[in-house]
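Order of the sequence lines sets the chain letters (A, B, ...), proteins ahead of strands, with each chain counted from 1.
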2 protein chains.
Amino acid sequence: MAAGARRGPYVCGIDAAMDVVSGKWKSLILWELNNYGARRFGELRRGLPGVSEKMLIQHLREMEEDGLVHREVYREVPPRVEYSLTEDGTSLNEALGPLGAWGTARRERLTIEQSGV
Amino acid sequence: MAAGARRGPYVCGIDAAMDVVSGKWKSLILWELNNYGARRFGELRRGLPGVSEKMLIQHLREMEEDGLVHREVYREVPPRVEYSLTEDGTSLNEALGPLGAWGTARRERLTIEQSGV
DNA sequence: CTGTATCCACGTTGATACTG
DNA sequence: CAGTATCAACGTGGATACAG
């Protein structure tokens, strides 16, 4: 998303939010950035095992367009770029809290069912 | 999702939750079912303008497999089927609350920016 | 180091028609 | 009414190679 004409008229707030977090790694990026503050491209890549450079930069760009992430470029040699959360990104991360808790509780429940029953 | 071998090992709770809500209409189905209680297939379809029968039944089946939705069949003529939220579905809907609020606030902010600035 | 550019596989979504 | 079946179109995600 984010590249301009993708967003439809939303039926409710969930739509608008989901539109912005949908993407395989976005919630993880939010999490990383929230825990570590500013992170460099390479650091993020190592922090998200399995992500490809293409997907990472793609998600990062979209999140930047969506005003979730701030991109700071340091013109040095070698080049350095740091990503950090904006206020919106931070508040989104907070709004994601209950969902994460629900998911964790669900995971535990499923694990118990599998082993116990 | 839900059809068996789709779910990977999750990095955090968000993953597990996102896996279950991802799908163009799922959050809306949750919303509909939460507001109206039990709903019939046709009612849901009319409540979700634009959804195709295939997508609706597909999402419903997945949500049933995920234990979010309960499907009650009444053997009548003509056939009647009612869908309702399970406890898990209800709690998921609650966990989605903050996210919806965030999305709504964001929408308002964007609207103001577009008209005002 | 931080990206870009291609090409490709796959899943999801959608339109349409048909069945019990 | 409540689905099922089929086919097509599209977007997302992934691998690899290359560039500033």
Side-chain angles (χ1 to χ4, degrees), chain A residues 1-8 10-11 15 18-29 32-33 38-66 69-84, chain B residues 1-8 10-11 15 18-29 32-33 38-66 69-84:
Chain A
M1 306 77 188
R6 227 140 4 84
R7 278 127 172 132
Y10 303 119
V11 185
D15 283 47
M18 289 300 295
D19 197 15
V20 143
V21 261
S22 66
K24 195 170 182 179
W25 309 90
K26 288 194 180 175
S27 57
L28 264 16
I29 293 176
E32 276 277 318
L33 255 28
R39 287 284 246 174
R40 301 183 57 172
F41 183 84
E43 290 176 330
L44 275 174
R45 191 150 76 90
R46 283 187 293 278
L48 272 38
V51 71
S52 69
E53 295 171 351
K54 173 190 155 188
M55 289 315 302
L56 182 54
I57 194 67
Q58 186 173 306
H59 280 164
L60 249 13
R61 291 275 198 255
E62 289 176 1
M63 295 171 79
E64 190 190 354
E65 272 236 32
D66 288 333
V69 160
H70 172 69
R71 180 169 177 268
E72 186 74 42
V73 180
Y74 298 90
R75 284 220 146 264
E76 307 173 350
V77 183
R80 183 160 66 102
V81 179
E82 282 189 349
Y83 295 91
S84 56
Chain B
M1 305 77 191
R6 230 136 6 84
R7 277 128 172 134
Y10 303 119
V11 185
D15 282 46
M18 289 300 296
D19 197 13
V20 143
V21 259
S22 64
K24 196 170 183 180
W25 310 90
K26 288 195 180 174
S27 57
L28 263 16
I29 294 176
E32 275 278 318
L33 255 29
R39 292 226 102 185
R40 301 181 57 171
F41 184 83
E43 291 175 330
L44 275 174
R45 193 152 75 90
R46 282 189 293 278
L48 273 37
V51 72
S52 69
E53 295 172 350
K54 175 190 155 191
M55 290 315 302
L56 182 54
I57 193 65
Q58 186 173 306
H59 280 164
L60 249 15
R61 292 272 198 257
E62 290 174 1
M63 294 170 79
E64 191 189 354
E65 272 238 30
D66 288 333
V69 160
H70 173 69
R71 180 168 178 269
E72 186 75 42
V73 182
Y74 299 89
R75 284 220 147 264
E76 306 172 352
V77 183
R80 183 159 66 102
V81 179
E82 282 189 351
Y83 295 91
S84 56

For [N], does either OP1 or OP2 sit under 4.0 Å from a side-chain N or O belonging to [X]?
X: A:Arg80; N: C:dT2; answer: no
X: A:Arg71; N: C:dG3; answer: yes
X: B:Arg61; N: D:dT4; answer: yes
X: A:Arg75; N: C:dC1; answer: no
X: B:His59; N: C:dT13; answer: yes
X: B:Trp25; N: C:dG14; answer: yes

Expressed as a whole number of angstroms, how long is the span from [X]:[atom1] to [N]:[atom2]?
X: B:Leu60; N: C:dT12; atom1: CG; atom2: C1'; answer: 17 Å
X: B:Glu64; N: D:dA2; atom1: CD; atom2: P; answer: 15 Å
X: B:Ile57; N: D:dA5; atom1: CD1; atom2: P; answer: 12 Å
X: A:Glu43; N: C:dC1; atom1: CD; atom2: P; answer: 11 Å
X: A:Arg39; N: C:dT2; atom1: CZ; atom2: P; answer: 12 Å
X: A:Gln58; N: C:dT2; atom1: CD; atom2: P; answer: 19 Å
X: B:Met18; N: C:dT12; atom1: CE; atom2: P; answer: 14 Å
X: B:Glu62; N: C:dG11; atom1: CD; atom2: P; answer: 13 Å

TODO: Ignoring the backbone of A:Lys24, work out which of D:dG3, C:dG3, D:dG13 is nearest its side chain.
DONE: D:dG13

TODO: Might you work through the side-chain contact (heavy atoms from CB on, under 4.5 Å) test for A:Leu60 and A:Gln58, ending with a clear yes or no?
DONE: CA-CA 5 Å; A:Leu60 249 13; A:Gln58 186 173 306; over 6 Å; no

- [ ] Look at B:Arg39 together with B:Glu82 and state whether they make a salt bridge at an N to O cut-off of under 4.0 Å.
- [x] no

TODO: Applying side-chain contact (heavy atoms from CB on, under 4.5 Å) between A:Ile29 and each of A:Leu56, A:Val51, A:Val21, report the one that passes.
DONE: A:Leu56

Open item on the list: Considering every strand and a 4.0 Å limit on heavy-atom distances, what is the contact class for A:Arg45: base, sugar-phosphate, or nothing?
Closed with: nothing

- [ ] Using a heavy-atom cut-off of under 4.0 Å over every strand shown, decide if B:Tyr74 touches base, sugar-phosphate, or nothing.
- [x] nothing

Task: Point-to-point distance, once rounded to the nearest 0.5 Å, from NE2 of B:His70 to CG of B:Leu33 - done: 11.0 Å

Open item on the list: Within a 6.0 Å radius of atom CZ on B:Arg80, are there more than 12 heavy atoms belonging to other residues, nucleotides or ligands?
Closed with: yes

Open item on the list: Among residues 47-55 of chain B, which ones have heavy-atom contacts with DNA chain D below 4.0 Å?
Closed with: B:Glu53, B:Lys54

- [ ] Any chance you could lay out the side-chain contact (heavy atoms from CB on, under 4.5 Å) test for A:Leu44 and A:Tyr83, step after step, and finish with the verdict?
- [x] CA-CA 9 Å; A:Leu44 275 174; A:Tyr83 295 91; 4.2 Å; yes

Open item on the list: Taking A:Arg40's backbone N and O only, do any of them form a donor-acceptor pair with A:Glu43's side chain (distance below 3.5 Å, no angle check)?
Closed with: yes

